[in-house]
Amino acid sequence: MVLSGYENPITLFGVYFSRAKEDVTHDPTALSLATATADGVPSVRMVLLKAIDERGLVFFTNYDSRKGHELAHNPHAAMCFYWPKQEVQVRVEGTIERLSDEDSDAYFRSRPRLSQVGAWASQQSAPLRARELLLKRVSETEARFEGVEIPRPANWGGILLVPRKMEFWQGHPGRLHDRLVYERQGEGWTTSRLYP
Ligand SMILES: Cc1cc2nc3c(=O)[nH]c(=O)nc-3n(C[C@H](O)[C@H](O)[C@H](O)COP(=O)(O)O)c2cc1C
């Protein structure tokens, strides 16, 4: 695919994303999420993209996790997607905002019950002395909410990355790859190309 003719990176993302979903051997929603401490020490881990629209890209996590703490003190973050079948990499850079309680509640309600239990049971990123302790917390959570709808824990919810910059990398033979960069300018976007 040739990277041209799209004024808006979110639209272009959608075109690639719908193609990437056709590859059943790979989860196209999986992305690397980079965060950094207030003094700039980086860390990276995988998360899943759960929504994307004109405002930005959304994932869900525990706000008290390592990434949650880093983002609370330094709102700059970056994402990287790789869709091997299409030889596409998408990089996103921007700042984060917490999703509204209503939107996080709506997504939490849509999750399988065991995942809802897990969100209560896991103190994500805190030291765990033995796996049995996690399973005990799962049983306790199941007992606590038996027969009732499980509410969203206050420390679990969505994070929106508002993109300032998005780069699409399309592989080409001979390493003559195509790189198209979108940068936010006011309400719109400017585009430029980079050498591969
Ligand atoms: C494919 C994949 C998808 C993942 N998706 C999420 C996710 O959507 N949210 C999340 O909090 N952790 C997710 N994880 C776990 C994270 O990679 C990470 O272990 C966890 O969030 C703790 O990271 P932290 O200690 O840096 O906060 C996923 C892991 C993998 C391998």
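All ligand and atom numbering here is 1-based and tracks the order in the structure.
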A.B. asks: Using the ring of each side chain (for Trp, its six-membered ring), is W156 parallel, tilted or perpendicular to F108, with breaks at 30° and 60°?
C.D. replies: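 Judged by the thresholds at 30° and 60°, the geometry between W156 and F108 is perpendicular.
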A.B. asks: Going only through I, L, V, M, F, W and Y residues with side-chain contacts under 4.5 Å, is there a path from L194 to L180?
C.D. replies: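 No, L194 does not connect to L180 through the hydrophobic network.
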A.B. asks: Can you pull out the closest protein heavy atom to atom 2 (C) of ligand 1? Residue, atom name and distance to 0.1 Å, please.
C.D. replies: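 Ranking protein heavy atoms by distance from atom 2 (C) of ligand 1, first comes M46 CB, 3.7 Å.
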A.B. asks: Among all protein non-hydrogen atoms, which one is nearest to atom 18 (C) of ligand 1, and what is the separation to 0.1 Å?
C.D. replies: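 It is R45 CG, 3.9 Å.
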A.B. asks: Pairs of nitrogen or oxygen atoms closer than 3.5 Å, one from T61 and one from ligand 1: do any exist?
C.D. replies: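 There is such a contact, yes.
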A.B. asks: Identify, for atom 6 (C) of ligand 1, the protein heavy atom at the shortest distance, and state residue, atom and that distance.
C.D. replies: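 Ranking protein heavy atoms by distance from atom 6 (C) of ligand 1, first comes V47 CA, 3.4 Å.
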A.B. asks: Do I52 and I159 belong to the same hydrophobic cluster, where Ile, Leu, Val, Met, Phe, Trp and Tyr are linked whenever their side-chain heavy atoms lie under 4.5 Å apart, directly or via other members?
C.D. replies: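 Yes: a chain of side-chain contacts under 4.5 Å links I52 to I159.
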A.B. asks: Counting only heavy atoms, which portion of Q124 has something under 4.0 Å from ligand 1: side chain, backbone, both, or neither?
C.D. replies: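 Side chain only.
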A.B. asks: Looking at R66, is its backbone amide N or carbonyl O close enough to the side chain of S125 to form a donor-acceptor pair, meaning the two atoms are under 3.5 Å apart?
C.D. replies: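 Indeed, once roles are kept as given, a pair shorter than 3.5 Å links the two residues.
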A.B. asks: I'd like to check whether F60 has a polar contact with ligand 1, where a contact means an N/O of the residue lying under 3.5 Å from an N/O of the ligand.
C.D. replies: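 Yes; the residue has a nitrogen or oxygen that sits under 3.5 Å from a nitrogen or oxygen of the ligand.
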A.B. asks: Is the number of heavy atoms from other residues, nucleotides or ligands within 6.0 Å of CZ (R113) greater than 12?
C.D. replies: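 Yes - once you tally the heavy atoms of other residues, nucleotides and ligands closer than 6.0 Å, there are more than 12.
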A.B. asks: Do Y16 and F81 have their ring centres less than 6.0 Å from each other?
C.D. replies: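 Judged by ring-centre distance (under 6.0 Å), Y16 and F81 do not meet the cut-off.
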A.B. asks: To the nearest 0.1 Å, how far is atom 8 (O) of ligand 1 from its closest protein heavy atom, and which atom is that?
C.D. replies: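 The protein heavy atom lying closest is L48 N, 3.0 Å.
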A.B. asks: Compute the shortest N/O to N/O distance between G68 and ligand 1 and return yes if it is under 3.5 Å, no if not.
C.D. replies: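 Between G68 and ligand 1 (N or O atoms, distance only) the closest approach is not under 3.5 Å.
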A.B. asks: Within ligand 1, which atoms have a heavy atom of S125 less than 4.0 Å away?
C.D. replies: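 Atoms satisfying the 4.0 Å criterion: 22 (C), 24 (P), 25 (O), 27 (O).
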A.B. asks: Could you list all the ring pair (Phe, Tyr, Trp, His ring centres under 6.0 Å) pairs where at least one residue sits in residues 111-130, not counting sequence neighbours?
C.D. replies: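 For residues 111-130: W120-F145.
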A.B. asks: Considering heavy atoms of the protein only, find what lies nearest to atom 23 (O) of ligand 1 and give residue, atom and distance to 0.1 Å.
C.D. replies: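 For atom 23 (O) of ligand 1, the nearest protein heavy atom is K67 NZ, 3.3 Å.
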